[in-house]
Amino acid sequence: MASRILEQAFDPWQLISQHQADNKLSIQFGATATFIGTMRDFNDNADVSAMTLEHYPAMTQRYIDKLIDEAKQQWDLLDVLIVHRVGNIKPAEPIMLIACWSAHRRASLDACSWLIEELKHRAPFWKKEVRLDGERWVEKNTDGL
Amino acid sequence: MASRILEQAFDPWQLISQHQADNKLSIQFGATATFIGTMRDFNDNADVSAMTLEHYPAMTQRYIDKLIDEAKQQWDLLDVLIVHRVGNIKPAEPIMLIACWSAHRRASLDACSWLIEELKHRAPFWKKEVRLDGERWVEKNTDGL
Amino acid sequence: MSIQVKFFASLKERLNIEDRQIATASTAGEAWDIVTNKAARPDNVLVAINLEYAAFDDAIKEGDEVAFFPPVTGG
Amino acid sequence: MSIQVKFFASLKERLNIEDRQIATASTAGEAWDIVTNKAARPDNVLVAINLEYAAFDDAIKEGDEVAFFPPVTGG
């Protein structure tokens with residue numbers, strides 16, 4: 001299990017691949033479900049040229065680790081990797097990576113979906129968009145979209 | 001959109017990364033959901049040392065492409081990649097890769113889950129396990145596990 | 001022109017038939033009977049005609065490909 | 001010992017306060033009032049005490065860290 005807050009752009013597939021190689025998941029996992037959230041260049045129809053992600057460093061790391069613990073209690077997971085970007089983000093850069101490994105598919109898929117919503121609606125991160133018409137804090141994440 | 005049937009072991013993260021680089025998904029996708037099914041070394045409590053995946057070549061490719069079309073009709077997807085292994089498979093080797101790209105998270109997550117079940121329960125592939133007690137055709141995939 | 005009849009996986013091994021050509025048959029079920037010499041049909045056997053799922057009663061014609069196989073177990 | 005009070009994101013910008021230390025306060029709400037000079041509390045403001053979600057009425061003591069922030073928008 002691992003979580004990282006990164007201030008630099010990252011390659012999600014490389015991080016997942018590396019995590020899987022570094023952690024001896026051996027041959028017990030049959031299922032890997034992943035989700036990558038990436039910065040788009042438009043939101044609410046206003047062009048967004050960049051984004052700043054602020055967070056509450058001490059609480060963020062703790063909160064994400066708590067989410068991983070809760071996911072492990074709810075589902076039979078062999079491993080979880082969560083990476084969340086902070087700082088200045090450009091379009092097409094990944095913002096969030098969630099990867100769950102389990103013996104059977106339902107656990108990793110359900111845990112991955114649950115972690116997405118928890119990270120979006122509970123973890124202390126805040127997005128500010130740089131738009132054609134100026135900067136704007138994102139007030140609310142969409143529900144389940 | 002792409003689908004491949006492979007007779008050799010593949011690195012799922014490398015294939016997803018390559019597909020994303022090759023296809024100009026530009027910066028419109030905000031969500032990528034993936035699922036990798038990997039060969040475990042045990043099933044029904046009997047050690048499995050290897051597996052052979054037989055398929056119906058002409059129908060398989062056509063059927064997978066049809067599933068991708070159906071997924072595109074049901075969800076707002078920007079891209080889909082499906083890779084399925086056939087032939088002789090060793091433990092820890094990936095069997096199936098599904099990756100879905102969409103603007104918003106729900107489409108890629110739901111399409112990915114749907115494609116898993118369709119591939120497991122409808123696409124013409126058959127697993128034969130090499131076990132301690134001999135070879136055995138897998139008679140039925142588990143339901144949603 | 002003839003009808004191509006194929007068997008896969010456990011069904012292929014059990015019947016010991018992989019691929020046969022027959023001159024004609026009016027339904028997939030008749031093709032089964034001709035090729036297997038009227039072997040009993042397992043309850044769960046699946047049928048495809050020209051690479052699409054079909055039923056034993058579905059009509060076939062010369063030039064078609066008919067396949068019989070057990071429940072699928074991919075993924 | 002003192003109480004550390006933090007503000008984040010739009011709340012930090014609007015109040016123009018990032019980080020303050022106050023000598024004492026009995027609840028998170030009292031810490032808000034002291035630091036913001038009794039600014040109105042937005043309906044949706046969130047409170048954390050020692051890195052855990054809490055409420056304005058929750059008790060605090062010296063040495064604690066209290067944070068106020070708007071709805072989160074990560075992921």
Side-chain angles (χ1 to χ4, degrees), chain A residues 11-21 24-43 47-49 76 78 90-110 112-117 119-120 141-145, chain B residues 11-21 24-43 47-49 76 78 90-110 112-117 119-120 141-145:
Chain A
D11 176 340
W13 316 114
Q14 197 277 325
L15 290 187
I16 295 168
S17 182
Q18 192 63 47
H19 182 85
Q20 195 169 287
K24 299 288 172 248
L25 292 169
S26 82
I27 44 184
Q28 299 199 342
F29 75 99
T32 312
T34 80
F35 179 81
I36 317 295
T38 303
M39 191 195 150
R40 294 161 69 221
D41 69 339
F42 52 89
N43 205 0
D47 284 331
V48 178
S49 60
D76 206 354
L78 293 163
K90 292 194 287 290
E93 288 181 354
I95 297 173
M96 172 170 83
L97 177 177
I98 299 170
C100 297
W101 286 266
S102 58
H104 300 287
R105 63 189 181 279
R106 220 48 264 167
S108 57
L109 288 165
D110 290 349
C112 188
S113 283
W114 182 82
L115 284 166
I116 294 168
E117 301 308 319
L119 280 163
K120 284 194 167 265
N141 271 332
T142 53
D143 289 332
L145 284 174
Chain B
D11 176 340
W13 316 115
Q14 198 276 328
L15 289 187
I16 295 169
S17 182
Q18 191 63 47
H19 182 85
Q20 196 169 288
K24 299 288 172 249
L25 292 169
S26 82
I27 43 185
Q28 298 199 343
F29 76 97
T32 312
T34 80
F35 179 81
I36 317 294
T38 303
M39 191 194 150
R40 295 161 68 222
D41 69 340
F42 51 90
N43 205 4
D47 286 329
V48 178
S49 60
D76 205 356
L78 294 163
K90 292 194 287 288
E93 290 181 350
I95 297 172
M96 170 170 82
L97 175 179
I98 299 170
C100 298
W101 287 266
S102 58
H104 299 287
R105 65 190 179 279
R106 221 46 267 170
S108 57
L109 288 164
D110 290 349
C112 188
S113 282
W114 182 82
L115 285 166
I116 294 167
E117 300 309 318
L119 279 164
K120 283 192 168 267
N141 271 331
T142 53
D143 289 333
L145 283 176

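Note on naming: letters A, B, ... go to the chains in the order of the sequence lines (proteins, then strands), and numbering restarts at 1 for each one.
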Counting neighbours of CG on Asp76(A) that are heavy atoms of other residues, nucleotides or ligands and sit closer than 6.0 Å, is the number greater than 12?
no
Region of Ile98(B) that comes under 4.5 Å of a non-hydrogen atom in chain A
neither
Using non-hydrogen atoms only, which part of Ser102(B) is less than 4.5 Å away from chain A: side chain, backbone, both, or neither?
neither
Top contributor to chain B interface from Ile16(A), Thr32(A), Ile95(A) [non-hydrogen pairs under 4.5 Å]:
Thr32(A)
Taking atom CD of Gln20(B) and atom CD1 of Ile36(A), what is their separation to the nearest 0.5 Å?
8.5 Å
Can you measure from NE2 (His19(A)) to CH2 (Trp13(B)) and round to the nearest 0.5 angstrom?
11.0 Å
I want to check something: taking the side chain as every heavy atom from C-beta on, are Gln28(A) and Pro91(B) in contact at a cut-off of under 4.5 Å?
no
Mind checking the CD-CG spacing from Glu117(B) to Leu109(A)? Nearest 0.5 Å is all I need.
8.0 Å
Residue pair Ala103(A) / Arg40(B): nearest heavy atoms and the distance that separates them:
O-CD, 3.4 Å
